[in-house]
Amino acid sequence: DGGITQSPKYLFRKEGQNVTLSCEQNLNHDAMYWYRQDPGQGLRLIYYSQIVNDFQKGDIAEGYSVSREKKESFPLTVTSAQKNPTAFYLCASSIDLGSYEQYFGPGTRLTVT
Amino acid sequence: AQSVTQPDIHITVSEGASLELRCNYSYGATPYLFWYVQSPGQGLQLLLKYFSGDTLVQGIKGFEAEFKRSQSSFNLRKPSVHWSDAAEYFCAVYRDDKIIFGKGTRLHILP
């Protein structure tokens with residue numbers, strides 16, 4: 001089955017630690033995205049990538065970093081500089097950046113205490 | 001600035017009743033519009049999309065939406081809701097290679 005996997009489903013970290021969220025897709029999509037979701041806030045774009053070894057900041061990139069070394073993978077690191085990291089994180093992909101339809105993974109809920 | 005507004009944070013309807021979820025957008029030209037659904041703790045699934053042409057679009061799970069340029073609206077409708085429709089619904093618009101999401105409307109279903 002083609003799709004997007006995110007792991008783990010739940011993640012707990014202590015404040016001050018960096019944490020990396022995994023996102024893998026086997027849809028052969030060029031473009032990938034990371035969103036943050038907070039209750040009542042909708043989805044906000046953190047980073048996106050249209051091709052391997054290239055990525056762009058979204059609307060709320062501060063405190064986050066990404067890499068795109070393989071087409072299938074787009075991991076997100078939540079650094080200790082992110083002031084309020086507890087949230088639900090969603091990864092998505094699309095055929096390319098100009099494609100309007102995005103496919104979403106199941107999400108990772110990160111809790112930092 | 002372009003934005004998507006979903007004026008209702010929560011909507012409660014009885015099972016079997018009709019449903020309309022509101023969405024308004026602000027944009028200078030005809031936008032590309034979407035409705036997504038999210039079950040609790042899950043990712044988003046595309047319900048339907050509007051790019052051009054017929055202003056009434058059909059989607060999955062029996063949903064439809066109507067684009068009204070004069071009202072800058074793209075409301076989602078379903079004639080008869082099922083308990084399984086309880087979820088959060090997001091209206092979205094495409095701009096500059098990005099999708100801009102509304103803040104969502106949570107739908108509750110009464111038995």
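Here the structure is a predicted model, which means the values were calculated and not measured. So you know, we letter chains A, B, ... as the sequences are listed, proteins then strands, and number each from 1.
For chain B, the option among R44(A), R109(A), K9(A) with the highest count of heavy-atom pairs below 4.5 Å is K9(A).
To the nearest 0.5 angstrom, L46(B) atom CG is 9.5 Å from F104(A) atom CZ. Taking CD1 from I100(B) and CG from L43(A), the interatomic distance works out to 11.0 Å, rounded to the nearest 0.5 Å.
By the criterion of side-chain heavy atoms lying less than 4.5 angstrom apart, applied directly or through intervening Ile, Leu, Val, Met, Phe, Trp or Tyr residues, L21(A) is not grouped with Y48(A); the two fall into different hydrophobic clusters. One hydrophobic cluster, built from ILVMFWY side chains closer than 4.5 Å, cannot hold both Y10(A) and I4(A); they sit in different ones.
Heavy atoms of Q38(B) lying under 4.5 Å from chain A belong exclusively to its side chain. Heavy-atom distances place no part of D38(A) under 4.5 Å from chain B, backbone and side chain included. Using a 4.5 Å cut-off between heavy atoms, Y35(A) contacts chain B through its side chain alone, with no backbone atom that close.
Closest non-hydrogen pair, Q37(A) versus F90(B), comes out as NE2-CZ, 3.2 Å. The heavy-atom pair separating K98(B) from D59(A) by the smallest distance is NZ-OD1, 4.2 Å.
Annotation for I9(B): atom CD1 does not count as buried by contact number, only 12 or fewer foreign heavy atoms lying within 6.0 Å. Shown here is I51(A), whose CD1 atom has no more than 12 heavy atoms of other residues, nucleotides or ligands within 6.0 Å. Within a 6.0 Å sphere centred on CD1 of I95(A), other residues, nucleotides and ligands contribute 12 heavy atoms or fewer. Heavy atoms of other residues, nucleotides or ligands lying less than 6.0 angstrom from CZ of F88(A) number more than 12. Annotation: K14(A), atom NZ; neighbour count of heavy atoms from other residues, nucleotides and ligands within 6.0 Å does not exceed 12.
Between Y36(B) and Q102(A) there is a side-chain heavy-atom pair separated by less than 4.5 Å.
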